[in-house]
Amino acid sequence: MGPELCQNREADLSASEQQYKHQKRYFSRSLFKRKLEINKLPAFLQNLPIDDGPFTASELARAKSTVREGKSAGPDGIPPEVLKYCDLDDLILDFCNLALLHNMQPDIWSLSNIIPVPKAGDLSKPDNYRGISLTCITAKVYNRMILNRIWHTIDPHLRENQNGFRQGRTTAAQILALRRMIEEVEKDNLAAVLCFIDFKKEFDSIHRSTMVKILEAYGVPPNLLRAIETMYAETRARVVTPDGNSEEFDILAGVMQGDTLAPFLFIMVLDYALRKAISGREQDLGFTLTPRRSRRHPTVVLTDLDYADDISLLSDSVEQAQELLNRVESECAKVGLRLNAKKTEVITYNILPEHPPLTTTEDLKKSRTSSTWAHGSTQPSKILRCRETTPGCREMTQGCREDLLTRRVIKVEDLLMNAVQILSAKVCFESLHKEDST
């Protein structure tokens with residue numbers, strides 16, 4: 001082996017080792033947050049009919065039915081196919097009940113493998129990687145059984161404005177509601193302020209001690225609450241790369257990525273923060289959908305439309321929008337969520353261009369603002385992104401319909417062809433059978 005080849009190989013090794021260290025440092029810093037201790041919260045939901053006893057075989061079977069094959073194994077190296085096709089139900093059920101009733105969870109359930117997946121840009125920078133967490137499949141089944149117990153009971157009590165991670169709800173309903181509201185605003189020349197807020201690393205920033213207190217206030221029974229708290233007590237992670245695994249590091253904040261229970265826990269925490277910020281102040285802060293006509297027909301307002309962490313705040317004026325933004329930012333900060341001012345967008349309708357820009361109280365950075373005026377106004381106007389996309393959305397919808405129709409025609413043609421082939425084969429078989437019999 002020549003000296004130049006050895007030098008190139010050593011350079012490649014040093015570069016890969018350096019990148020490996022950068023990724024470990026990046027993910028450990030982004031997931032390592034300080035703890036926040038808070039006092040017990042007043043109960044919001046009480047005496048909910050949630051089972052707090054041992055898991056049953058039917059609950060395990062239901063949880064196993066959601067396990068999808070072909071997925072990567074977690075730190076324990078057990079693939080999903082082992083749980084689905086091996087007769088381990090009694091053993092797994094015993095493990096889960098020991099964890100639930102006696103707080104005896106395996107240590108490996110708290111460990112996650114982080115796989116850096118490249119996004120775009122310079123791949124030598126850790127910021128251009130997205131971390132995918134892999135956890136133990138048995139821990140996912142365990143958390144799925146916990147989710148199945150609390151979800152059906154608590155979900156009806158959450159705010160109607162939230163559509164994220166809730167069965168039967170999609171982004172389509174929120175987009176439709178927003179577009180209809182904008183159409184009416186433009187039609188009736190109404191004043192409106194829309195603030196689209198964004199959080200910094202929202203799923204990695206939730207304060208876990210606050211989350212446990214919120215779950216208790218929302219009526220999660222003691223055994224299930226202790227099981228969730230134990231699962232999040234001493235979580236660890238390691239970065240898995242082609243150059244090797246990093247050392248394990250502690251994770252003190254955020255919900256567990258890749259876990260079946262984590263999305264519902266996140267919207268429960270966000271529900272609490274938004275409820276504290278908005279509840280009781282809707283008439284003062286929200287956008288007026290229908291003015292008050294009488295005592296029997298009060299004012300109808302809308303303050304926000306949410307899909308998980310994607311939130312749009314709606315108000316009648318800039319002053320109301322600023323107060324609503326400040327209240328939401330303050331209450332979200334108490335649970336660990338911080339606004340990202342650079343990605344927070346504001347759209348105003350029929351508002352004077354001299355209005356003061358909306359600001360965030362955390363870093364006092366101005367949010368980027370777009371303004372529009374009704375047709376026929378002498379004021380300067382800017383074309384909004386949402387208005388530009390309206391014809392595009394119609395074209396996209398028409399294109400989807402045409403594509404769907406084409407696929408249906410092709411499918412019908414395939415079915416007819418298969419039917420013709422089957423009929424031809426049947427006729428041929430019958431003719432051969434007649435010839436053999438003669």
Side-chain angles (χ1 to χ4, degrees), residues 158-164 166 169-199 202 267 270-292 298-332 337 339-341 343-353 355-361 366-374 381-382 384-390 393:
L158 300 181
R159 301 174 71 247
E160 288 295 326
N161 307 58
Q162 177 63 261
N163 274 20
R166 302 178 73 178
R169 300 182 179 219
T170 63
T171 56
Q174 305 294 53
I175 295 173
L176 178 61
L178 196 59
R179 288 188 60 185
R180 288 288 298 119
M181 192 203 79
I182 292 174
E183 290 173 0
E184 293 299 320
V185 165
E186 293 181 333
K187 174 184 175 183
D188 298 332
N189 296 342
L190 301 176
V193 181
L194 283 63
C195 182
F196 301 88
I197 63 176
D198 182 75
F199 295 108
E202 55 279 353
I267 65 169
L270 188 58
D271 180 89
Y272 170 81
L274 294 178
R275 193 182 296 273
K276 290 280 289 182
I278 301 174
S279 182
R281 297 292 307 278
E282 291 87 353
Q283 302 291 334
D284 302 328
L285 303 176
F287 174 76
T288 303
L289 296 176
T290 305
R292 184 180 185 274
T299 305
V300 179
V301 298
L302 180 63
T303 55
D304 60 299
L305 292 171
D306 317 330
Y307 191 85
D309 60 307
D310 296 320
I311 301 173
S312 60
L313 304 178
L314 317 172
S315 299
D316 286 327
S317 65
V318 175
E319 292 75 15
Q320 292 177 337
Q322 182 65 73
E323 184 179 356
L324 179 58
L325 177 62
N326 291 344
R327 292 177 65 88
V328 170
E329 181 184 14
S330 175
E331 293 299 332
C332 288
L337 296 173
L339 259 63
N340 188 347
K343 295 185 178 181
T344 296
E345 302 280 351
V346 179
I347 300 177
T348 61
Y349 287 85
N350 302 321
I351 300 292
L352 291 175
H355 71 81
L358 298 187
T359 58
T360 60
T361 57
K366 295 181 180 180
S367 303
R368 291 175 288 179
T369 305
S370 299
S371 301
T372 187
W373 286 78
S381 63
K382 296 181 180 179
L384 290 178
R385 190 184 313 166
C386 62
R387 296 182 64 185
E388 287 181 334
T389 56
T390 301
C393 290

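Bear in mind that the values here come from a model prediction, so they are computed numbers and not experimental data.
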Colleague: Would you mind checking if Arg275 and Glu331 are paired as a salt bridge, meaning a charged N to carboxylate O distance below 4.0 Å?
Modeller: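 Not counted as a salt bridge, because no side-chain N and carboxylate O are separated by less than 4.0 Å.
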
Colleague: Do the side chain of Glu282 and the main chain of Gly280 share a donor and acceptor less than 3.5 angstrom apart?
Modeller: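 Confirmed, Glu282 side chain pairs with Gly280 backbone.
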
Colleague: Checking Ser312 side chain against Leu305 main chain: does a donor-acceptor pair fall under 3.5 Å?
Modeller: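 Side chain of Ser312 to backbone of Leu305: a pair is present.
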
Colleague: Spell out, as yes or no, whether a donor-acceptor pair under 3.5 Å connects the side chain of Asp271 to the backbone of Ile267.
Modeller: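 Looks like no, no N/O pair under 3.5 Å.
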
Colleague: Run Val193 and Val346 through side-chain contact (heavy atoms from CB on, under 4.5 Å) and show every step you take.
Modeller: CA-CA 7 Å; Val193 181; Val346 179; 4.0 Å; yes

Colleague: Are Ile182 and Leu194 side-chain neighbours, meaning at least one heavy-atom pair lies under 4.5 Å?
Modeller: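 Yes, at least one pair of side-chain atoms sits under 4.5 Å.
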
Colleague: For side-chain contact (heavy atoms from CB on, under 4.5 Å), just list the numbers for Gln162 and Leu270, CA-CA rounded to whole Å, side-chain angles, deciding distance to a tenth of an Å, and then say yes or no.
Modeller: CA-CA 9 Å; Gln162 177 63 261; Leu270 188 58; 3.8 Å; yes

Colleague: Which is it for Phe196 and Ile311 under the side-chain contact (heavy atoms from CB on, under 4.5 Å) test, yes or no, and what are the steps along the way?
Modeller: CA-CA 6 Å; Phe196 301 88; Ile311 301 173; over 6 Å; no

Colleague: List the atom of Thr303, the atom of Gly286, and the distance in Å for their closest heavy-atom pair.
Modeller: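 Smallest heavy-atom distance, with atoms named: CG2-CA, 3.6 Å.
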
Colleague: Measuring from Arg327:CZ to Glu329:CD, what's the distance to the nearest 0.5 Å?
Modeller: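 Atom-to-atom, Arg327:CZ and Glu329:CD are 13.0 Å apart.
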
Colleague: Taking side chain as C-beta onward, heavy atoms only, is Val328 less than 4.5 Å from Leu274?
Modeller: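 They are in contact (side-chain heavy atoms under 4.5 Å apart), so the answer is yes.
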
Colleague: With a 3.5 Å distance limit and no angle check, can you tell me whether Gln320 reaches the backbone of Asp316 through a side-chain donor-acceptor pair?
Modeller: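 The answer is yes, because a donor-acceptor pair under 3.5 Å joins these two groups.
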
Colleague: Can you sort out the partners of Glu202 under salt bridge (charged side-chain N to carboxylate O under 4.0 Å, His left out), two or more places apart, ordered by chain and number?
Modeller: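 With neighbours one apart ignored, the set is empty.
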
Colleague: Working to the nearest 0.5 Å, report the span between CG of Leu352 and OG of Ser317.
Modeller: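 It is 12.0 Å, given to the nearest 0.5 Å.
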
Colleague: If we only count heavy atoms from C-beta on, is the Ile278 to Leu285 side-chain gap below 4.5 Å?
Modeller: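 Side chain of Ile278 against side chain of Leu285, heavy atoms only: no contact under 4.5 Å found.
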
Colleague: I'd like to check Val300 versus Pro298 (side-chain heavy atoms, cut-off strictly below 4.5 Å). Are they in contact?
Modeller: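 Result no, sub-4.5 Å side-chain heavy-atom pair not found.
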
Colleague: Does a donor on one side chain sit under 3.5 Å from an acceptor on the other, for Asn161 and Asp304?
Modeller: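 There is such a pair between these side chains.
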
Colleague: Report the distance from atom CG of Leu324 to atom CG of Leu314, rounding to the nearest 0.5 Å.
Modeller: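 Here the interatomic distance stands at 8.5 Å.
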
Colleague: Measure from the side-chain N and O atoms of Arg281 to the backbone N and O of Ala277, and report whether any donor-acceptor pair falls under 3.5 Å.
Modeller: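 Absent.
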
Colleague: Ignoring hydrogens and geometry beyond distance, is a side-chain donor-acceptor pair present between Thr344 and Asp198 at under 3.5 Å?
Modeller: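 No.
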
Colleague: How close do Thr170 and Tyr307 get, counting heavy atoms only, and between which atoms?
Modeller: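 Thr170 and Tyr307 have their closest heavy atoms at C-CE1, 3.8 Å.
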
Colleague: Examine distances only and state if a side-chain atom of Gln322 and a backbone atom of Thr359 form a donor-acceptor pair shorter than 3.5 Å.
Modeller: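 Side chain of Gln322 to backbone of Thr359: a pair is present.
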
Colleague: Indicate yes or no: does Glu160 engage Arg169 in a salt bridge with an N to O separation below 4.0 Å.
Modeller: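 Yes, Glu160 and Arg169 are salt-bridged.
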
Colleague: Stepwise, does the side-chain contact (heavy atoms from CB on, under 4.5 Å) test hold for Phe287 with Ser315?
Modeller: CA-CA 4 Å; Phe287 174 76; Ser315 299; 5.7 Å; no

Colleague: Measure the spacing between OG1 of Thr360 and CG of Asn340 and express it to the nearest 0.5 Å.
Modeller: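 Spacing of OG1 (Thr360) from CG (Asn340) equals 9.0 Å.
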
Colleague: Identify the two heavy atoms, one from Gln174 and one from Asp306, that lie closest to each other, and give their separation to 0.1 Å.
Modeller: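 Minimum heavy-atom contact is NE2-O, 2.7 Å.
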
Colleague: Look at the side chain of Asn350 and the backbone N and O of Leu190, then say whether any donor-acceptor pair between them is shorter than 3.5 Å.
Modeller: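 Flag set: sc Asn350 to bb Leu190 pair under 3.5 Å.
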
Colleague: To the nearest 0.5 Å, how far apart are CG in Asn163 and OG1 in Thr171?
Modeller: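 If I round to the nearest 0.5 Å, the distance is 8.5 Å.
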
Colleague: Ignoring hydrogens, what is the shortest heavy-atom contact between Phe199 and Cys332? Give both atom names and the distance.
Modeller: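 Looking at all heavy atoms of both residues, the closest pair is CZ-SG, 3.8 Å.
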
Colleague: Please report the interatomic distance CZ(Arg180) to CD1(Ile175), rounded to the nearest 0.5 Å.
Modeller: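 Output value for this atom pair is 15.5 Å.
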
